[in-house]
Amino acid sequence: MIPDKAPKEDVFHAGGALKKNAHVPNFENYKELYLKSIENPDEFWGDIAKDFYWKSKHTGQFLDYNFDVTKGEIYIKCMEGATTNICYNVLDRNVYERKLGDKVAFYWEGNEPGDVMKVTYRELLQQVCQFANVLKSQGVKKGDRVSIYMPMVVELVVAMLACVRIGAVHSIVFAGFSAESLCDRILNSQCSLLITADGFYRGDKLINLKVIADDALQKCRDRSFPVQRCIMLKHLSKEVEAIPLVSQSPPAKRPCPDLQQEKQRDGVKKIRPVPQGVLHTVSGYMLYVATTFKLVFDYQPDDVYWCTADIGWITGHSYITYGPLANGATSVLFEGLPTYPDVSRMWEIVDKYQVTKFYTAPTAIRLLMKYGSEPVQKYNRESLKVLGTVGEPINPEAWQWYYSVVGEKRCPVVDTFWQTETGGHVLTPLPAATPMKPGSATFPFFGVVPAILNESGEELEGPCEGYLVFKQPWPGVMRTVYGNHQRFETTYFKKFPGYYVTGDGCHRDKDGYYWITGRMDDMLNVSGHLLSTAEVESALGEHAAVAEAAVVSRLHPVKGESLYCFVTLTDGVGFNHTLEAELKKQVREKIGAIATPDFIQNAPSLPKTRSGKIMRRVLRKIARNERDLGDLSTLADSSVIEQLFLNRCCGAV
């Protein structure tokens, strides 16, 4: 599982910025703690739980579970019987017990340089209490779901914490998603209230958020699910009015007082569609994100931490809001882009706030690599001690640039692997404790037991490659798919009974290091965001000109993966640039800009088996211009292959 000794060859060790991990001093200590977390989880996690407030303690064993569908219903129970409040633990406990009321919780950096503010733990607690009362006055109660569709402002954190303070469940939707996607997520979670903002700038681009939100609410009404209440933050509007969510952010440098805002219309009768959201529970999730944050970033009380992710994604939940606040950390909350107003923006912010721990995506690193080292070296970055990556595997070239240019070979790089479903890091280096290999997620975090399986479900030993699975739960893992437990069992446990199936491929090298090789299912990882190929295919298929569509991944130098789409058109329709633009627009409107295809290829026929199944592995090879197609014995019509190669998109070299 993990080697007896740390390897000495082909590895990088911590530089001068962090000679020793204060929490896990060395590899031997890591191994000792890891074994304890597996062999005696009650004691390991019980010691950590003592640092938090519990209204009532758990009864029985710390973790109880069944991962084997052949032995009955899948379940994961953690700290059964314990009761607590996560908002109390991340705010009240820090203000009143730890005396951190005057410590800065967030430095907010707006899209425009000069749009800044800071909020202390005491101020954040006051704002959360105030808005929690607003939610209660709007009829929100324990167990209700609240949809949050907001830019990266302090009020987004306030809205999250106000929900959990009163026992409501927040469903946060990335502000880059379309009205259709927002509507789907409101329906899936059966949300009774929407919190949004008038708009925001992302670089030079104005995002009219309220118009998109109004469109989504109308779509909800059209599908017989009216959301009765909507609270809007005036983020860009000049005038200040008495509204339920009062903006604490300073006036934007580019206010937009004439933002179009539609009025609400009356709704119609409610129905109850099937929800489909990942469900986490409070106690286990809180312990896990607090612990991973503390150990993976070697958190110290004087740190200034910056995670560049959006709170609309799980990274922002775990490592902007809950993990850092549970540790009483000071964080940077950034609204803008890494290239606006210039490509030095991130390093300017690092120096401005003296950031010590920096966590970003390989996509951002590859983007900034294109501009060379000069924009980085304009700023000294001497405060940096740990660098982190998240969202997708980082290629060794980008790792080396990040380590050598950004960190000046002083800062360990923690390349973290995890998922929305896992709640927090599951495979990760620990800075200054585990030697690093560029591009490797290294070793399992405490309590996590990985394995690699072949197609037959057999565990592989030693150096190998196959399906990455986990053999037992950890506190932060998801408990079910909300409202659809059958889907939970089918997606994560049916393929290999007895294991949690990640959906990712993995290689383990001779030293026991784990390397994520990419998705093994129908998901694509674009700029660190997982997209469903089925969802994109559905959006394309709704166009009248498209008879059939198939979507695969193609490697991208910046985004990691990009969408390469094959479309078979209806009889009599010709493929041209106008149609291609229409199809891209269709996907953008149905899902969001993040899902816009890079390539759309005319495919008069698709490679299928004799039973009619599309051979996606063949399409992936064609998209990447790889002629070694492997076994084609099940292909129904081999003549389609050469035609598809001839029709490959220009620029898809």
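Bear in mind the structure is a predicted one, so any value in this text is a computation, not a measurement.
You'll find the side chain of Thr389 stays beyond 4.5 Å of the side chain of Val414, heavy atoms only. The closest side-chain heavy-atom distance from Trp474 to Thr291 is not below 4.5 Å. Here the side chains of Cys163 and Leu135 are in contact, with some heavy-atom distance below 4.5 Å. Annotation: side chain of Phe177 is in contact with side chain of Arg185 (closest heavy-atom distance under 4.5 Å). Between Leu279 and Phe488, every side-chain heavy-atom pair lies at or beyond the 4.5 Å cut-off. A 4.5 Å side-chain heavy-atom check between Tyr482 and Val169 finds every atom pair outside the cut-off. Proximity of Thr315 to Cys307: side-chain heavy atoms (C-beta onward) are separated by under 4.5 Å at one or more points. Two residues are said to be in side-chain contact when any heavy atoms from C-beta on lie closer than 4.5 Å; Tyr403 and Met436 meet this criterion.
A salt bridge links Asp47 to Lys36: at least one charged side-chain nitrogen sits closer than 4.0 Å to a carboxylate oxygen. Using a 4.0 Å cut-off between charged nitrogen and carboxylate oxygen, Arg165 and Asp92 count as a salt-bridge pair.
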key: Asp303 and Phe297: CA distance, side-chain angles, deciding distance, side-chain contact (heavy atoms from CB on, under 4.5 Å) verdict   = CA-CA 10 Å; Asp303 278 334; Phe297 297 107; over 6 Å; no

task = Show your reasoning for whether ring pair (Phe, Tyr, Trp, His ring centres under 6.0 Å) applies to Tyr299 and Phe293.
result = CA-CA 7 Å; Tyr299 169 69; Phe293 174 80; 5.5 Å; yes

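Residues Tyr121 and Leu100 come closest through the heavy atom pair CB-O, 3.5 Å. Heavy-atom minimum distance, Val140 versus Leu193: CG2-CD1, 4.0 Å. Of all heavy-atom pairs between Ala361 and Thr308, the closest is N-OG1, 4.4 Å. When all heavy atoms of Cys506 and Tyr514 are compared, the pair lying nearest together is SG-CD2, 3.6 Å. Nearest heavy atom pair, residue Gly423 against residue Ser318, reads O-OG, 2.7 Å. Smallest separation of non-hydrogen atoms from His280 and Thr420: NE2-O, 2.9 Å.
Separation of atoms CH2 (Trp347) and CG (Leu384) is listed at 7.5 Å; rounding is to 0.5 Å. Ser147 OG to Leu194 CG: the interatomic distance, rounded to the nearest 0.5 Å, is 5.0 Å. With rounding to the nearest 0.5 Å, the separation of CZ in Arg345 from CG in Leu337 is 9.0 Å. The distance from the CG atom of Leu91 to the CG atom of Leu124 is 5.0 Å, given to the nearest 0.5 Å. Rounding to the nearest 0.5 angstrom, the gap separating the OH atom in Tyr88 from the OH atom in Tyr53 is 6.5 Å. Atom CD1 of Ile86 and atom CG of Leu287 lie 9.0 Å apart (nearest 0.5 Å).
For residues 324-337, every residue pair satisfying the side-chain hydrogen bond (donor to acceptor under 3.5 Å, both in side chains) rule, not counting sequence neighbours, is listed here: His235-Glu335.
The aromatic rings of His58 and Phe62 stand perpendicular to each other, their planes meeting at an angle above 60°, with 30° marking the opposite boundary. Relative ring orientation between Phe446 and Phe44 is described as tilted, the plane-to-plane angle lying within the 30° to 60° band. Ring planes of Tyr288 and Phe445: perpendicular class, angle over 60° (limits at 30 and 60°). Ring planes of Tyr30 and Phe443: parallel class, angle under 30° (limits at 30 and 60°).
Between Tyr500 and Tyr65, the ring center distance fails the sub-6.0 Å criterion. Checked against the 6.0 Å centroid criterion, the rings of Trp418 and Tyr319 qualify as a close aromatic pair.
Donor-acceptor pairing under 3.5 Å is recorded for the side chains of Glu392 and Thr363. No side-chain donor-acceptor contact under 3.5 Å links Thr120 and Asp102.
Both the sub-6.0 Å distance and the 45° axial angle are satisfied by Lys437 relative to the ring of Tyr513.
The neighbour count for Lys352 NZ, taken as heavy atoms of other residues, nucleotides or ligands under 6.0 Å away, is above 12.
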